[in-house]
Amino acid sequence: MDALDNIFSRRSIRAFEEKPISRENLEIIAKAAIYAPSGMNRQTWQFTVISERSKIQQLAGAIAAQLGRDGYDMYNPAALIIASNLRDSNWGKEDCACALENIFLAANALGIGSVWINQLGGICDEPNIRKVLDEFGLPADHLVFGMAALGYAAQPPREPDKNQAVIHWA
């Protein structure tokens, strides 16, 4: 897939099929993350890949309880990639954002849908959340800067309504 076609065709998918993603494809997607730019190339991030739906729902349940959002399920994805970085990193948030975009583009190139999940941003150190993250091997000195929910789209994505007026030429 041409790079620009990939960028222009990527969409956020919020309804997934009950179809697993192969380990091979998850490895490709995770590898794309580590090829993202990072501040001074320090690469202080970690990408935690979860492909067991029961574990994904365990985390979703903890988030739902913390935020008071009954039924929250992160769109019930086939896999989840948690992007975290050192809590004292000057560029942790930006590094993870670049890596997540690579994840989304790699997934799209493989015919896999994705959507950014932000709910852990301010609550990843809450005890009930941190307990789950610890079980998943997320380092204690890391903050979560975003998650990629991945799966095969349950329906074709709709065309975006992109506002060209946000581009200003001076």
Side-chain angles (χ1 to χ4, degrees), residues 1 3-4 6-14 21 25-52 55-56 58-69 72 74-75 77 79-110 112-151 160 162-163 165-170:
M1 177 182 280
L4 290 176
N6 192 16
I7 291 168
F8 297 148
S9 67
R10 191 219 54 84
R11 303 284 179 273
S12 293
I13 303 298
R14 292 178 177 85
I21 300 170
N25 280 344
L26 287 173
E27 287 174 358
I28 291 167
I29 293 167
K31 184 176 181 179
I34 65 173
Y35 276 79
S38 66
M40 298 182 70
N41 198 32
R42 291 208 172 128
Q43 302 177 46
T44 54
W45 49 36
Q46 176 174 301
F47 305 100
T48 305
V49 182
I50 305 163
S51 58
E52 290 181 38
K55 289 183 178 182
I56 294 168
Q58 176 188 5
L59 179 58
I63 293 169
Q66 184 66 41
L67 298 177
R69 292 180 62 186
Y72 180 71
M74 293 189 286
Y75 307 110
L80 186 69
I81 300 178
I82 302 171
S84 65
N85 211 319
L86 292 170
R87 66 180 64 247
D88 63 354
S89 170
N90 290 332
W91 309 285
K93 182 177 185 178
E94 294 83 357
D95 292 353
C96 285
C98 290
L100 283 162
E101 182 66 10
N102 276 15
I103 288 169
F104 300 139
L105 291 172
N108 188 54
L110 295 169
I112 297 167
S114 62
V115 65
W116 187 313
I117 304 288
N118 262 331
Q119 278 67 28
L120 284 182
I123 63 170
C124 66
D125 280 332
E126 294 296 328
N128 65 323
I129 302 292
R130 185 49 71 171
K131 179 177 183 258
V132 176
L133 296 176
D134 289 346
E135 290 174 19
F136 294 166
L138 197 103
D141 61 347
H142 274 219
L143 296 174
V144 174
F145 289 106
M147 300 180 287
L150 305 168
K162 296 295 181 185
N163 180 355
V166 299
I167 299 172
H168 175 76
W169 296 85

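What you see is a predicted model, and the numbers here were worked out from it, not measured in a lab.
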**Study point:** Working for side-chain contact (heavy atoms from CB on, under 4.5 Å), residues I117 and Y75
**Key:** CA-CA 9 Å; I117 304 288; Y75 307 110; 3.8 Å; yes
Point to revise | W45: ring pair (Phe, Tyr, Trp, His ring centres under 6.0 Å) partners, not counting sequence neighbours | key: F47
Review point. Is a side-chain donor or acceptor of Q46 paired with a backbone partner of G137 at a separation under 3.5 angstrom?
Key: yes
Practice item. Determine yes or no for a side-chain-to-main-chain donor-acceptor pair under 3.5 angstrom, with D95 supplying the side chain and G39 the backbone. Key: yes
Practice item. Quickly, which of L133, L138, L143 forms a side chain to side chain contact (heavy atoms under 4.5 Å, CB included) with L120? Name it, please. Key: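 Exactly one pass, corresponding to L133.
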Review point. P77 and side chain to side chain contact (heavy atoms under 4.5 Å, CB included): which partner among L150, I56, I21?
Key: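 When side chain to side chain contact (heavy atoms under 4.5 Å, CB included) is applied between P77 and each of L150, I56, I21, only I56 qualifies.
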Check your understanding: At their closest point, which heavy atom of R42 faces which heavy atom of W91, and how far apart are they?
Key ->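 Heavy atoms only, the tightest pair is NH1-CZ3, 3.5 Å.
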Exercise for review: Sequence neighbours left out, what passes side-chain contact (heavy atoms from CB on, under 4.5 Å) with V49? Give chain and number order.
Suggested key: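 By the side-chain contact (heavy atoms from CB on, under 4.5 Å) rule, V49 matches L26, A30, I81.
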Point to revise | Any residue meeting side-chain contact (heavy atoms from CB on, under 4.5 Å) with I28, in chain and number order, not counting sequence neighbours | key: E24, N25, L110
Practice item. Would you check, one step at a time, whether the test side-chain contact (heavy atoms from CB on, under 4.5 Å) holds for I63 with M74? Key: CA-CA 9 Å; I63 293 169; M74 293 189 286; 4.2 Å; yes
Point to revise | Salt-bridge contact D141-R87 (side-chain N to carboxylate O under 4.0 Å) | key: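 Salt bridge: no.
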Check your understanding: Are E135 and K131 ion-paired here, with the side-chain N under 4.0 Å from a carboxylate O?
Key -> yes
